Undergrad: 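Here's a structure for you.
Not measured: the values here are computed from a predicted model.
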2 protein chains.
Amino acid sequence: METRELRYFVAVAEELHFGRAADRLGIAQPPLSRTIAQLEHRLGVALLTRTSRKVSLTAAGAVLLAESRAILGAVAAAERRTRTVDRPSLVLAAKAGGSGELLAKLLDAYAAEPGAVEVDLLLCEAHTSQPLLDGRADVALLHEPFDSTAGLDVEPLHTESQFAIVASSHPLAGAERLRMADVADLPELVRWPEPDGSYLPGPGVEVHNLTQLFQLIALGRAVAVMPEVVRPGLGEGLAAVPVVDAPKVTTVIAWPPHSRSRAVADLVRVATGFS
Amino acid sequence: METRELRYFVAVAEELHFGRAADRLGIAQPPLSRTIAQLEHRLGVALLTRTSRKVSLTAAGAVLLAESRAILGAVAAAERRTRTVDRPSLVLAAKAGGSGELLAKLLDAYAAEPGAVEVDLLLCEAHTSQPLLDGRADVALLHEPFDSTAGLDVEPLHTESQFAIVASSHPLAGAERLRMADVADLPELVRWPEPDGSYLPGPGVEVHNLTQLFQLIALGRAVAVMPEVVRPGLGEGLAAVPVVDAPKVTTVIAWPPHSRSRAVADLVRVATGFS
DNA sequence: GGCAGCGATACCCGGCCGGTATCGATACGG
DNA sequence: CCGTATCGATACCGGCCGGGTATCGCTGCC
């Protein structure tokens, strides 16, 4: 299996449409059809079921899609790491708006290290682990249990409890403390995007980032349960009420398991040092 | 980067010789030279330094070699998992001669599970984690701290202390208990192969598997420190003496982080259930 | 039943992959 | 010090494969 075939397959599996997939790949549709057919032939398994109106994934196709994404991510990561080995630098992914203070402390402490290299920040709206898997980043600050840490090495840094963020005018804003049951079935709960950027069907507003979320909450259109770190970022018109039985959130530093980078090891050591 | 290029590069990086690498790949030397040169050109980095007498890896080349091995392993794994999704089966890697009883218990308990699939055993001489990384196995029984568990999800099953295995006629055979210092610099210690099958230079006999090792020990040519599990497999002429300060050995069950297989989850649950 | 959308098929072209022949450099032996 | 063997690079050629256009066949829909 060549990465070209995997790229082609991922495009078709994601679009579920040969024409659009070919378009996205910048090639014509017939060679794409042919390549997928060859791939299926060599594997001896059907990856897609096609009628002339609809394309869908088989079980084998679903497996290969997941595997292919991981592989293509690893290839991109390998490429970047190979390219940048001579001019060392470090890309740190973090959630925009989250863990501001921790991040500042970490960057300062690391910069004071002997042999520290330049650190580039990659601020994500959501799915902070994604850049780690596709090679855009070397290290990430993640929040368990929200972010997936599958396939990554992690060290916990900090654990904190969660708060309900509501509009000041919301009936719950005056409460001393809340329980999950108090917020679990409010109609104003929101939906975050899936890793591929799509949204599962269901009730609640589709939300892209924290700023947008806070605006919605201030307007009384949404309610969210979030860790303590976001509190300093709350503006006017928002209130944070402790949710005593919400799961604790752990901030972890994560990196790819095979990382041999001196810089990553230093940063992790510094981070765990003052946790 | 195509997997073809990575396969070619790995061959050259491992052989450090274009001719032999081309031979191993079943192609002629000139296209191999050309492909590597193209790869370097596209990456904008030198991967190898060549004189007409010697080829060696650059820092970038060392990085790409490690990454490439992981990628090629992931590709092979993806292929096998995609192929076998419709006729589910499970390949379990374990060290030949190690953990025999635990293995039998595990297989029996899993077979009794509803929805259990066929389990194929892959018995390894050493480096049991390798088949997991290159896709030949779905689950493995590993022994920390001997086996590398980098990049794998693990659950500990069992911890045990270590014994020195010596010939009955050996001066140490009569001891009640030993310390690491007693065996650390015996001339009869052995060398195990590296993951690539080669042996680091140094003193001691090169050893391939347990049977061979036991034979060497019985002949008084070797001494080894090993976990308790091997005891039942010891034959005549061998003695096991506790080494009180040797690191504890933990048997773990390990699987690739992105595994979505129902069968793997079941097996892990069964294994951790009776640990 | 005509039509539009979509994947498959047929066929052609150009580039790339792999082959052979050879060169240039280097270590080594006489 | 020079001949020689070894090894990677270069030059050049042929065939295959990846990508293009044109078209077919099927299917759901007005």
Undergrad: With sequence neighbours left out, what residues match B:Thr3 under side chain to side chain donor-acceptor pair (under 3.5 Å)?
TA: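 Partners of B:Thr3 under the side chain to side chain donor-acceptor pair (under 3.5 Å) test: A:Glu2, B:Arg7.
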Undergrad: Atom CZ of B:Arg20 and atom P of D:dT6: how far apart are they, to the nearest Å?
TA: 13 Å
Undergrad: Give a yes/no on whether any side-chain N or O of A:Ser33 is located under 4.0 angstrom from OP1 or OP2 of C:dA8.
TA: yes
Undergrad: To the nearest angstrom, how far is A:Leu32 atom CG from C:dA8 atom P?
TA: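 About 9 Å, once rounded to whole Å.
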Undergrad: In this structure, how many angstroms lie between the P atom of C:dG18 and the CD1 atom of B:Ile27, rounded?
TA: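 Going from B:Ile27 (CD1) to C:dG18 (P), I get 6 Å.
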Undergrad: Stepwise, does the side-chain contact (heavy atoms from CB on, under 4.5 Å) test hold for B:Glu5 with B:Leu43?
TA: CA-CA 12 Å; B:Glu5 299 173 306; B:Leu43 288 173; over 6 Å; no
Undergrad: Nearest whole Å is fine: how far is D:dA9 C1' from B:His41 NE2?
TA: 16 Å
Undergrad: Within this structure, what is the CD-to-C1' distance between A:Glu2 and C:dC16, rounded to whole angstrom?
TA: 13 Å
Undergrad: What is the per-nucleotide protein-contact pattern of nucleotides 21-26 of chain D, from the 5' end, where B denotes a base atom under 4.0 Å from a protein heavy atom, S denotes such proximity for sugar-phosphate atoms only, and - denotes neither?
TA: BB---B
Undergrad: Please give, in whole Å, the distance from D:dC16 P to B:Arg4 CZ?
TA: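 From B:Arg4 CZ to D:dC16 P: 17 Å.
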Undergrad: At what distance, to the nearest 0.5 angstrom, does CG of B:Leu16 lie from CG of B:Leu57?
TA: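 So the gap between those two atoms works out to 5.5 Å.
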Undergrad: Would the base of C:dG18 count as contacting B:Arg34 through its side chain, where contact means a donor and an acceptor less than 3.5 Å apart?
TA: yes
Undergrad: Is any side-chain heavy atom of A:Trp255 less than 4.5 Å from a side-chain heavy atom of A:Asp138?
TA: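 A side-chain contact under 4.5 Å is absent here.
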Undergrad: Name the residue from A:Leu39, A:Val45, A:Thr58, A:Val10 that meets the side-chain contact (heavy atoms from CB on, under 4.5 Å) definition with A:Leu64.
TA: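 The single option meeting the side-chain contact (heavy atoms from CB on, under 4.5 Å) with A:Leu64 is A:Leu39.
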Undergrad: Taking the nucleotide of DNA chain D with the closest heavy atom to each, which residue, A:Tyr8 or B:Lys54, is nearer the 5' end?
TA: B:Lys54
Undergrad: Can you tell me the distance, in whole Å, between the CG atom of B:Leu16 and the C1' atom of D:dT6?
TA: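 Rounded to whole Å, this separation is 16 Å.
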Undergrad: Counting only side-chain N and O atoms of A:Arg50, is one of them less than 4.0 Å from OP1 or OP2 of C:dC6?
TA: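 For A:Arg50, the contact criterion (side-chain N or O under 4.0 Å from OP1 or OP2 of C:dC6) is not met.
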Undergrad: Residues in salt bridge (Lys or Arg N to Asp or Glu O under 4.0 Å) with B:Arg269, at least two apart?
TA: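 Partners of B:Arg269 by the salt bridge (Lys or Arg N to Asp or Glu O under 4.0 Å) criterion, ordered by chain and then number, come out as B:Glu113, B:Asp266.
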Undergrad: I want to confirm an ordering. Mapping A:Thr51 and A:Thr35 to their closest nucleotides on DNA chain D, which one lands closer to the 5' end?
TA: A:Thr35
Undergrad: Between atom CG in B:Leu25 and atom C1' in C:dC17, what is the gap in whole Å?
TA: 14 Å
Undergrad: Scan B:Val139, B:Leu92, B:Ile253 and name whichever one has a side-chain contact (heavy atoms from CB on, under 4.5 Å) with B:Val264.
TA: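 Single side-chain contact (heavy atoms from CB on, under 4.5 Å) partner of B:Val264 among B:Val139, B:Leu92, B:Ile253: B:Val139.
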